[in-house]
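One structure is given below, encoded as structure tokens.
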Amino acid sequence: MNRTELDLDALARLARLALTPEEKATFARQLAELLGHIERLSQVDVSNVEPSAHAHPQHNVWQEDEPRPGLLPAEALRNAPAQRDQMIAVPKVVE
Amino acid sequence: MTSSTTPLHYLSLAEAAAALAAGRVSSAELTDAVIARAEAVEPRLRALLSADPASARAQAQASDARRAGGGSLGPLDGIPIGLKDVIAVRDQPLTAGSRMLEKFISPYDATVTRRLREAGAVLYGRHNCDEFAMGSSTENSAFHPTGNPWALDRVPGGSSGGSAAALAAGEALATLGSDTGGSIRQPAALCGVVGLKPTYGRVSRFGLVAYASSLDQIGPFGRTVEDVALVLQAIAGHDERDSTSVGAAAEDFAAALSAPSVPRRLGLPREYFGEGLDPEVAVAVERAVTHYRELGCEVREVSLPHTPYCLDTYYVLATAEASSNLARYDGIRYGHRCAAPRDLHDLYFRSRAEGFGAEVKRRIILGTYVLSSGYYDAYYLRAQKVRTLVRQDFLRAFEQVDALLTPTSPIPAFRRGEKANPLAMYLCDIYTIGANLAGLPAMSVPCGFTRAGLPVGFQLIGKPLGESELLAIGHAYDRVHQWGRRRPNL
């Protein structure tokens with residue numbers, strides 16, 4: 001686990017998160033300390049060990065595609081930060 | 001402790017259910033007592049983020065009318081129960097302790113909420129928590145910290161600190177929290193009440209604000225193990241709206257308490273009694289072990305050799321899942337949206353920057369890193385493999401013993417602001433994380449106080465879907481000691 005210096009700008013971009021210079025400096029320091037701790041995982045022999053995505057084996061669950069009662073438009077839009085004509089309003093995406 | 005000397009808001013759920021059934025008290029009286037208590041203590045304790053007394057009183061009246069008509073719904077009918085503010089209650093706020101959801105109103109009930117309603121419970125109070133359930137002290141709430149009822153300048157634990165503190169302070173007769181790495185058990189220990197994290201999949205998460213979906217589980221807080229069994233009975237069971245829900249056959253958890261024989265083999269994992277364990281916590285837990293020996297239990301030392309890697313495994317898996325789960329908060333469909341966005345990207349970046357607090361941002365960044373190209377195998381995939389080894393450790397131990405007994409938290413309640421370093425805070429969960437990684441049921445049971453008067457709890461960890469055994473073992477101690485019935489001077 002050879003780790004290069006944390007690129008906070010790249011990570012913030014991937015996470016769609018605007019960070020202040022102070023946040024970047026603080027997080028870089030704290031995350032370096034945490035990753036130093038986490039690197040102890042490299043001591044564990046995991047050869048021939050299967051990964052567990054869940055504690056218990058999980059299988060896909062199917063159900064019939066049947067119509068059933070759901071939220072009314074007004075209920076579904078109740079928490080929308082901006083709306084117009086029973087739709088969520090967003091900034092223009094295509095020029 | 002008899003109910004004649006106990007204020008209504010400090011009755012155990014079982015006592016209150018008996019009093020309701022006998023007509024000695026009404027749900028309206030119980031509910032009024034809890035509301036009055038909340039009004040008296042909240043200015044100092046601040047365990048609630050919101051409450052709707054009018055709705056609670058209406059639910060109580062409906063319960064009393066049902067009972068008068070001979071149609072009681074069972075032991076929870078008319079009992080005031082509060083919920084951590086990560087569990088959806090239709091038409092009530094659901095903030096998850098975050099500015100991101102400050103104005104969010106739930107459009108529907110969580111499955112646990114629906115099940116409590118069907119059992120007749122009176123829903124009262126939305127409890128404070130660490131933002132998006134990320135934390136061990138409730139200090140990460142975007143709104144305010146919560147005091148520990150036993151020492152107001154100390155934390156109640158977290159992330160379900162408000163739910164533990166509200167119960168210990170008499171603001172409900174039982175509460176629900178959620179537990180991803182110890183968020184029910186650690187605050188239960190720090191506040192002196194019982195807290196159970198059920199087996200992964202035992203309780204539906206439909207309507208729970210997601211943090212780390214392979215670890216999250218909803219569970220009850222109660223003053224006694226019996227109370228916790230009664231609430232689990234109401235909320236457990238298969239739910240087609242949660243694909244991780246286990247299709248286990250229905251069990252009678254309360255009946256399990258009166259089982260003629262208690263499982264007798266207890267294991268003490270040696271890795272849980274080493275460096276970092278507060279001496280006073282160790283003494284209180286040792287006394288509980290002695291009690292079990294006196295009950296005729298066979299107590300033996302066992303080993304869970306991958307315990308030193310649990311914390312690291314957890315912080316890789318949980319932050320990875322969180323970075324993915326919290327991508328949904330984009331300022332578009334619900335949640336905070338920044339003012340006057342320049343374009344769509346600006347809307348995403350600034351809405352999330354303004355809506356999330358420091359701990360949430362830290363975990364999103366760490367989760368983004370461990371999932372990013374080039375690091376996935378070294379961190380995320382490796383952590384998933386270590387998780388397999390952790391689970392195998394537990395299953396091997398359960399070939400020798402029926403349950404494991406450990407301290408719940410290495411230390412009693414600490415002072416607000418004492419753990420400013422993230423790693424120091426993360427170490428609070430060192431004994432609780434293993435049960436989440438392995439998906440096992442685990443319960444904190446109060447077992448005394450430090451000289452300074454701070455509660456201590458021990459943890460019982462059981463086999464997958466072994467809640468009945470776990471509750472029976474816990475009850476064998478708790479019915480005698482009843483530490484959760486002690487009342488703080490608040």
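Order of the sequence lines sets the chain letters (A, B, ...), proteins ahead of strands, with each chain counted from 1.
B/Ile332 and A/Ile88 make their closest contact through O-CG2, 3.3 Å (heavy atoms, listed as atom of the first residue, atom of the second, distance). Minimum interatomic distance between A/Arg13 and B/Phe349 (heavy atoms only, all atoms of both residues): O-CZ, 3.8 Å. Looking at every heavy atom in both residues, B/Ala353 comes nearest to A/Ala18 through CB-O, 3.1 Å. The shortest heavy-atom contact between B/Thr313 and A/Leu41 is OG1-CD2, 3.5 Å. Shown here for A/Ser52 and B/Arg387, the closest heavy-atom pair between the two residues is O-CD, 3.4 Å. In plain terms, the two heavy atoms of A/His56 and B/Gly439 that are nearest each other are NE2-O, 3.3 Å.
Heavy atoms of B/Leu423 lying under 4.5 Å from chain A belong to its backbone as well as its side chain. Of the two parts of B/Leu311, only the side chain, counted from C-beta on, holds a non-hydrogen atom closer than 4.5 Å to a non-hydrogen atom of chain A. Neither the backbone nor the side chain of B/Ser323 has a heavy atom closer than 4.5 Å to any heavy atom of chain A. With a threshold of 4.5 angstrom between heavy atoms, B/Arg333 approaches chain A through its backbone and through its side chain. Of the two parts of A/Val90, the backbone and the side chain both hold a non-hydrogen atom closer than 4.5 Å to a non-hydrogen atom of chain B. Residue A/Leu34 touches chain B through its side chain alone, counting heavy-atom pairs closer than 4.5 Å. If you measure heavy-atom distances from A/Val49 to chain B, the contacts under 4.5 Å come from both the backbone and the side chain. No part of B/Arg363 comes within reach of chain A, as not one of its non-hydrogen atoms sits under 4.5 angstrom from that chain. Only the side chain of B/Phe356 comes within less than 4.5 Å of a heavy atom of chain A; its backbone N, CA, C and O stay farther away. Only the side chain of A/Arg78 comes within contact range of chain B, with at least one heavy atom under 4.5 Å from a heavy atom of that chain. At a 4.5 Å heavy-atom cutoff, the contact between B/Asn421 and chain A is made by side-chain atoms alone. B/His336 does not touch chain A: none of its heavy atoms, backbone or side chain, sits under 4.5 Å away. Both the backbone and the side chain of A/Glu75 come within less than 4.5 Å of a heavy atom in chain B.
Between chain B and the options A/Ala89, A/Ala53, A/Ala76, A/Pro51, heavy-atom pairs under 4.5 Å are most frequent for A/Pro51. Per-residue heavy-atom pair counts under 4.5 Å with chain B were compared for A/His59, A/Glu23, A/Lys92, A/Gln83, and the maximum is reached by A/Glu23. When each of A/Val44, A/Thr26, A/Leu19, A/Thr20 is scored by its heavy-atom pairs under 4.5 Å with chain B, the top score falls to A/Val44. With respect to chain B, the highest number of heavy-atom pairs below 4.5 Å among A/Leu11, A/Val61, A/Asn60 belongs to A/Leu11. Heavy-atom pairs under 4.5 Å with chain A were tallied for B/Glu321, B/Arg342, B/Lys385; the largest tally goes to B/Lys385. Taking B/Glu240, B/Lys103, B/Arg350 one by one and counting their heavy-atom pairs under 4.5 Å with chain A, the maximum is reached by B/Glu240.
Checking B/Ile365, B/Thr368, B/Ile364, B/Leu371 one by one against A/Leu14, the side-chain contact (heavy atoms from CB on, under 4.5 Å) holds for a single residue, B/Thr368.
Residue A/His54 holds its NE2 atom at 12.0 Å from CZ of B/Arg391, rounded to the nearest 0.5 Å. We find the CD-CD distance between B/Glu359 and A/Gln30 to be 8.0 Å, quoted to the nearest 0.5 Å. The CG atom of B/Leu344 lies 9.5 Å from the CZ atom of A/Arg16; values are rounded to the nearest 0.5 Å.
Under the rule for a ring pair (Phe, Tyr, Trp, His ring centres under 6.0 Å), the partners of B/Tyr315 that lie at least two apart in sequence or sit in another chain are B/Tyr426. Annotation: ring pair (Phe, Tyr, Trp, His ring centres under 6.0 Å) contacts of B/Phe104 (sequence neighbours excluded): B/Tyr334.
Remark: the B/Tyr309 side chain and the A/Gln43 side chain contain an N/O donor-acceptor pair separated by less than 3.5 Å.
Side-chain contact between A/Leu31 and B/Tyr369 is absent, with no heavy atoms from C-beta onward closer than 4.5 Å.
Shown here is A/Glu50, whose CD atom has no more than 12 heavy atoms of other residues, nucleotides or ligands within 6.0 Å.
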